[in-house]
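Below is one structure; the comments refer to it alone.
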There are 2 protein chains.
Amino acid sequence: MSAGHTEVTAPEPVVSCDDDCGIRDVLDRLGDRWSVLVVVQLAAGALRFNALQRSLEGVSQRMLTLTVRRLERDGLVRRTVYPTVPPQVEYELTALGHSLTHLVKGLADWSLANRPQIAAARAEWDEEKAQQAGMPS
Amino acid sequence: MSAGHTEVTAPEPVVSCDDDCGIRDVLDRLGDRWSVLVVVQLAAGALRFNALQRSLEGVSQRMLTLTVRRLERDGLVRRTVYPTVPPQVEYELTALGHSLTHLVKGLADWSLANRPQIAAARAEWDEEKAQQAGMPS
DNA sequence: CAGCATCCGGGAAGATACTG
DNA sequence: CAGTATCTTCCCGGATGCTG
């Protein structure tokens with residue numbers, strides 16, 4: 001907990017508010033590696049923990065748990081435990097979660113549509129930088 | 001790429017592809033703390049470096065530089081240098097950057113509209129967890 | 001099968017000082 | 001004014017081992 005924090009300043013409110021407001025909450029969730037992918041996967045239907053993990057193939061158990069917990073906490077995902085002999089837990093999107101799917105879809109469409117442009121921009125940028133680095137004189 | 005992986009199971013291609021594909025690129029940019037805020041600020045019009053920094057109020061010089069460089073590399077932001085006596089650099093959104101603004105707007109609207117629901121879900125979740133922790137017997 | 005606890009490494013973000 | 005360089009700190013994400 002960093003006991004040695006000399007927290008003197010109570011700085012300014014950071015950006016106007018119509019800039020972030022509640023966006024940060026969403027962005028933070030969108031920003032981490034797995035949340036979006038989980039939402040996308042779940043958009044197709046409910047999945048059990050292992051099935052979910054397998055469908056992502058690359059996520060660790062820990063990360064999946066954390067991700068899914070956060071989504072549950074935010075009311076985007078419902079977690080249902082069936083008290084069977086081998087424990088069985090199902091995850092599914094809530095209505096809120098589904099509504100977010102549309103936005104993610106929009107994001108996907110955009111990035112898909114503009115990927116070439118971004119790639120081109122990057123290539124150009126890298127080239128310029130390479131030139132400037134190669135012959136500075 | 002994990003050379004020491006005892007990869008027994010020729011895994012699957014990681015999510016279908018229409019899940020991430022190019023989304024990761026966008027998400028990575030959207031995920032970091034400042035990119036979105038910079039885009040939003042620039043959506044209102046071109047700004048010089050210091051003006052931009054001031055409008056964000058909380059970003060360090062370093063972070064702003066890095067953020068803006070990445071956005072420039074991706075072709076979302078155009079950087080114009082005026083060779084005046086006191087160096088003057090203007091940042092403005094490109095057409096590509098402007099098109100992203102719409103999505104960000106959608107995100108903002110969504111998070112604004114659903115903030116109460118998220119807050120409620122969190123409160124409920126926290127409450128349940130508190131109970132379970134308080135009287136486990 | 002589902003999930004938690006713990007340890008660890010790497011990259012991102014911040015603060016500061018210096019340059020053109 | 002705009003930007004780089006350097007150092008430090010922090011948190012995300014991964015790996016492992018244990019429980020119910």
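Protein chains get the first letters and strands the later ones, always in sequence-line order, with residue 1 at the start of each. Just so it is clear, the structure is predicted and the values come from calculations on it, not from any experiment. Quick note: numbers below take in every heavy atom, side chains included, and nothing from hydrogens, waters or symmetry partners.
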Heavy-atom contact window of chain A on DNA chain C, given 5' to 3' at under 4.0 Å
C:dC1 to C:dT6
What are the two closest non-hydrogen atoms of B:Ser55 and B:Leu47, and how far apart are they?
OG-CD1, 4.2 Å
Give, ordered by number, those residues of residues 73-91 of chain B having at least one heavy-atom distance below 4.0 Å to an atom of DNA chain D; if nothing qualifies, reply none.
B:Arg79, B:Pro87, B:Val89, B:Tyr91
Tell me every residue that passes side-chain contact (heavy atoms from CB on, under 4.5 Å) with A:Thr101, counting only those two or more places apart in sequence or in another chain.
A:Val39, A:Ala43, A:Leu93, A:His98
Return the set of residues passing side-chain contact (heavy atoms from CB on, under 4.5 Å) with A:Asn50 (not counting sequence neighbours), or none when no residue passes.
A:Gln53, A:Arg54
Axis-to-axis angle between the two ends of the helix from C:dC1-D:dG20 to C:dG20-D:dC1 (five base pairs per end, rounded to 10 degrees)
40°
Scan the side chains in residues 63-71 of chain B for donor-acceptor partners under 3.5 Å anywhere in the protein, sequence neighbours excluded, and list what turns up.
residue : atom : partner : partner atom : Å
B:Thr65 : OG1  : B:Gln61 : O            : 2.9
B:Thr67 : OG1  : B:Met63 : O            : 2.7

side-chain contact (heavy atoms from CB on, under 4.5 Å) with B:Val104: which residues, sequence neighbours excluded?
B:Val36, B:Val40, B:Leu100
Do the side chains of A:Asp74 and A:Arg29 get nearer than 4.5 Å, heavy atoms only?
yes
Looking at residues at least two apart in the chain, or sitting in another chain, which of them share a salt bridge (charged side-chain N to carboxylate O under 4.0 Å, His left out) with B:Glu92?
B:Arg78
Check side-chain contact (heavy atoms from CB on, under 4.5 Å) between A:His102 and all other residues, then give those that pass, not counting sequence neighbours.
none
Might you confirm whether atom CZ of B:Arg122 has over 12 heavy atoms from other residues, nucleotides or ligands at distances under 6.0 Å?
yes
Whole-Å distance between D:dC1 P and B:Gln53 CD?
11 Å
Among residues at least two apart in sequence or on other chains, which ones pass side-chain hydrogen bond (donor to acceptor under 3.5 Å, both in side chains) with A:Ser99?
B:Trp110
Under the rule for salt bridge (charged side-chain N to carboxylate O under 4.0 Å, His left out), what residues qualify as partners of B:Arg73, not counting sequence neighbours?
A:Asp126
List in numerical order all residues of residues 61-71 of chain B for which some heavy atom is under 4.0 Å away from an atom belonging to DNA chain D.
B:Gln61, B:Arg62, B:Thr65, B:Arg69
Between A:Ala108 and A:Ser111, the two heavy atoms sitting closest are O-OG, 3.0 Å
